[in-house]
Asker: 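Here it is: the structure, laid out below.
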Amino acid sequence: MISQKKLLHEVSGWLKVFEDGSTDRTWTGPSEIQFMVEPVQPHEEFINGVATRDVVVDKDSGLQLRIYLPEIKPRDEIKLPIILHFHGGGFCISRADWYMYYHMYTNLARSAKAIFVSVYLRLAPEHRLPAAIDDGWAALLWLQSLALGDSFEPWLVDHADFNRVILLGDSTGGNIVHELAARAGKVDLNHMRLTGGILIHPGFVRSTRSRSSELEQPESPMLTLDMVDKFLSLALPVGSTKDHPITCPMGSGAPDLDTLKLPPFLLCVAEMDMIVDTEIEYYEAMKKAEKDVELLISPGVAHSFYLNKIAIEMDPQTASQTEILISRITEFINKH
């Protein structure tokens with residue numbers, strides 16, 4: 001008789017955690033969504049104007065990155081900005097090679113004419129925070145090693161402008177942007193310059209639910225209250241609440257925002273996002289601290305709408321707001 005492993009935690013469709021510490025991230029939700037969470041193999045030939053490559057940047061830890069290189073005219077000697085990207089997923093699910101990211105960030109690489117470098121973050125609960133933050137920092141230091149000539153990656157060495165590095169994160173990847181920008185402000189990034197940060201629907205929350213968004217906004221395929229609660233309980237350091245500085249950088253437990261040296265930020269929020277209230281609270285706290293932060297509000301759409309290819313193809317509002325989002329991100333990158 002085969003004994004069954006005891007299930008401790010489950011986030012429907014996304015994650016199972018068992019008593020022995022093992023996990024299962026096999027997609028069990030609607031089959032029509034399956035393709036969005038399937039990996040896309042890298043291709044070093046240009047397809048629709050973008051080539052991709054996976055590189056291991058730390059053999060000891062196995063830290064891996066995916067590079068998106070937009071096609072460049074042979075005689076064009078211009079150097080391209082680097083966008084260091086951190087995927088979302090509540091620190092517990094998703095990978096840099098998922099189709100939903102591939103679709104979005106090939107589009108952005110073409111639009112912004114920038115090199116995107118997306119980090120394969122370690123996931124909780126196997127690797128609780130600050131593991132994902134440390135992975136992001138290691139990726140940033142690897143870029144610096146390229147700028148210094150201590151490492152080599154031809155696509156970046158040949159085509160990248162290391163004086164124009166912008167951090168970009170979606171959902172909880174936006175939390176990583178804030179954390180890394182704050183950390184970078186305390187050191188000298190010799191031969192490299194961090195010029196901006198883009199936070200798309202960051203996972204900023206509090207222990208107390210927001211009445212007008214968390215309790216009143218409808219749940220979406222990309223975010224439910226169950227996902228918020230369970231993912232963060234599995235990801236945050238043991239004993240922490242959602243008031244932890246990583247998930248509540250505008251809270252009393254976090255460093256005062258006015259003490260942080262931060263580059264210009266673009267904060268993108270969705271009107272129908274369940275956590276829009278706390279995202280706006282973060283924006284207001286940043287403005288009060290006199291930080292350079294722009295705000296883009298996407299009306300009539302929910303959390304991570306731009307990653308949902310089905311909605312983009314079927315809903316004109318989602319499609320138009322995705323175009324606007326890509327345009328504003330492109331504008332910010334060109335500006336900085």
Side-chain angles (χ1 to χ4, degrees), residues 1-42 54 56-66 85-102 118-139 169-176 179 201-203 205 219-242 244 246-247 274-275 303-304 307-308:
M1 183 175 179
I2 300 174
S3 61
Q4 296 292 320
K5 292 192 294 184
K6 183 178 179 181
L7 181 65
L8 286 185
H9 306 283
E10 182 175 10
V11 182
S12 181
W14 297 102
L15 174 68
K16 293 179 180 178
V17 182
F18 298 96
E19 188 177 37
D20 64 359
S22 62
T23 57
D24 184 354
R25 293 182 173 86
T26 303
W27 173 250
T28 58
S31 58
E32 61 268 23
I33 298 176
Q34 178 76 40
F35 76 96
M36 292 198 292
V37 298
E38 292 288 346
V40 176
Q41 293 301 310
D54 286 345
V56 175
V57 300
D58 188 326
K59 293 182 179 178
D60 293 331
S61 69
L63 180 64
Q64 191 175 3
L65 312 175
R66 169 154 293 191
H85 169 253
F86 313 103
H87 63 73
F91 304 111
C92 290
I93 60 167
S94 79
R95 286 171 51 88
D97 59 2
W98 275 9
Y99 177 82
M100 65 172 69
Y101 298 116
Y102 175 85
S118 188
V119 185
Y120 287 84
L121 300 167
R122 283 177 294 170
L123 301 176
E126 300 94 325
H127 305 283
R128 285 182 176 262
L129 292 168
I133 311 295
D134 292 340
D135 287 345
W137 184 249
D170 46 75
S171 194
T172 46
N175 302 54
I176 298 174
E179 289 292 316
H201 310 173
V205 291
E219 295 186 332
S220 74
M222 297 295 188
L223 191 68
T224 65
L225 288 178
D226 188 53
M227 291 169 68
V228 172
D229 292 345
K230 288 184 178 176
F231 281 160
L232 295 184
S233 71
L234 293 169
L236 286 166
V238 175
S240 299
T241 71
K242 287 185 283 188
H244 189 280
I246 293 176
T247 43
M274 288 195 311
I275 56 174
H303 191 83
S304 298
L307 296 178
N308 189 339

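In this text the structure is predicted, and so the values were computed from the model without any measurement.
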Asker: Decide yes or no for Met222 and Met100: does some side-chain heavy atom of the first lie under 4.5 Å from some side-chain heavy atom of the second?
Answerer: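 Yes. Closest side-chain heavy atoms under 4.5 Å.
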
Asker: Counting distance only, does the side-chain N/O of Arg95 pair as donor-acceptor with the main-chain N or O of Tyr120 below 3.5 Å?
Answerer: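 Looks like no, no N/O pair under 3.5 Å.
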
Asker: So how far is it from Gln41 CD to Asp97 CG, rounded to the nearest 0.5 Å?
Answerer: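 It comes to 7.5 Å.
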
Asker: In Å, rounded to the nearest 0.5 Å, how long is the span from CG of Leu225 to CD of Glu219?
Answerer: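 Leu225 atom CG to Glu219 atom CD measures 5.0 Å (nearest 0.5 Å).
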
Asker: Do the side chain of Asp135 and the main chain of Arg122 share a donor and acceptor less than 3.5 angstrom apart?
Answerer: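 Answer holds: yes.
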
Asker: So, Ser94 side chain and Gly88 main chain: donor-acceptor pair closer than 3.5 Å or not?
Answerer: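 Here the side-chain-to-backbone pair exists.
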
Asker: So which heavy atom on His303 is nearest to which on Ser220, and how close?
Answerer: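 Reported closest heavy-atom pair: O-OG, 4.2 Å.
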
Asker: Out of curiosity, Asp134 CG to Glu179 CD, how far, rounded to the nearest 0.5 Å?
Answerer: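 That separation rounds to 10.5 Å.
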
Asker: Which pair of non-hydrogen atoms, one from Pro42 and one from Arg66, has the smallest distance, and what is that distance?
Answerer: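 In this case the closest contact between Pro42 and Arg66 is CD-NH2, 3.2 Å.
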
Asker: Between Val119 and Ala139, what is the shortest heavy-atom contact and its length?
Answerer: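 Smallest interatomic distance, heavy atoms only, reads CG2-CB, 3.7 Å.
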
Asker: Verify side-chain contact (heavy atoms from CB on, under 4.5 Å) between Val37 and Ile93, making sure each step is shown before the conclusion.
Answerer: CA-CA 10 Å; Val37 298; Ile93 60 167; over 6 Å; no

Asker: So, does Lys230 use its side chain to make a donor-acceptor pair with the main chain of Glu10 at under 3.5 Å?
Answerer: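 Yes.
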
Asker: Check the side chains of Asp226 and Thr224 for a donor-acceptor pair under 3.5 angstrom, ignoring hydrogens and angles.
Answerer: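 No.
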
Asker: With Leu129 as reference, evaluate Leu236, Thr172, Leu232 under the side chain to side chain contact (heavy atoms under 4.5 Å, CB included) test and give the passing residue.
Answerer: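 Running side chain to side chain contact (heavy atoms under 4.5 Å, CB included) over Leu236, Thr172, Leu232 with Leu129 returns exactly one hit, Leu236.
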
Asker: Would you find a donor on one side and an acceptor on the other, under 3.5 Å apart, between the side chain of Ser171 and the backbone of Gly89?
Answerer: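 Between the backbone of Gly89 and the side chain of Ser171 there is no qualifying donor-acceptor contact (under 3.5 Å).
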
Asker: Before giving the answer on side-chain contact (heavy atoms from CB on, under 4.5 Å), spell out for Met36 and Asn308 the whole-Å C-alpha distance, their side-chain angles and the decisive distance to 0.1 Å.
Answerer: CA-CA 8 Å; Met36 292 198 292; Asn308 189 339; 3.7 Å; yes

Asker: Using 0.5 Å steps for rounding, measure from the CG atom of Leu8 to the NZ atom of Lys16.
Answerer: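 Interatomic distance, Leu8 CG to Lys16 NZ, rounded to 0.5 Å: 13.0 Å.
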
Asker: Side chain of Asn175, backbone of Gly203: donor and acceptor closer than 3.5 Å?
Answerer: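 Yes, the answer is positive, given that a donor and an acceptor are paired below the 3.5 Å cut-off.
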
Asker: Taking all non-hydrogen atoms of both residues, which atom of Ser233 and which atom of Arg128 are closest, and how far apart?
Answerer: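 For Ser233 versus Arg128, the nearest heavy atoms are O-NH1, 3.1 Å.
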
Asker: May I ask you to decide if Ser304's main-chain N or O and His201's side chain share a donor-acceptor pair within less than 3.5 Å?
Answerer: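 Present.
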
Asker: Considering non-hydrogen atoms only, spot the tightest contact between His244 and Pro237 and give its length.
Answerer: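 That would be NE2-CG, 3.8 Å.
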
Asker: Indicate yes or no for a side-chain donor-acceptor contact from Glu38 to the backbone of Tyr99 under 3.5 Å, with no hydrogens or angles considered.
Answerer: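 Judged by distance alone, no pair lies under 3.5 Å.
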
Asker: Which heavy atom in His85 sits nearest to a heavy atom in Ser118, and how many Å separate them?
Answerer: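 Heavy atoms only, the tightest pair is ND1-OG, 2.7 Å.
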
Asker: Apply side-chain contact (heavy atoms from CB on, under 4.5 Å) to residues Val11 and Val17 and explain how you reach the verdict.
Answerer: CA-CA 9 Å; Val11 182; Val17 182; over 6 Å; no

Asker: Would you call the rings of Tyr101 and His87 parallel, tilted or perpendicular, taking 30° and 60° as the class edges?
Answerer: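 Aromatic pair Tyr101/His87 classed tilted.
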
Asker: CG of Leu121 to CZ of Phe91: how many Å apart, nearest 0.5 Å?
Answerer: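 The distance works out to 9.0 Å.
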
Asker: At what distance, to the nearest 0.5 angstrom, does NE2 of His9 lie from OG1 of Thr23?
Answerer: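 Between atom NE2 of His9 and atom OG1 of Thr23 there are 12.0 Å.
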
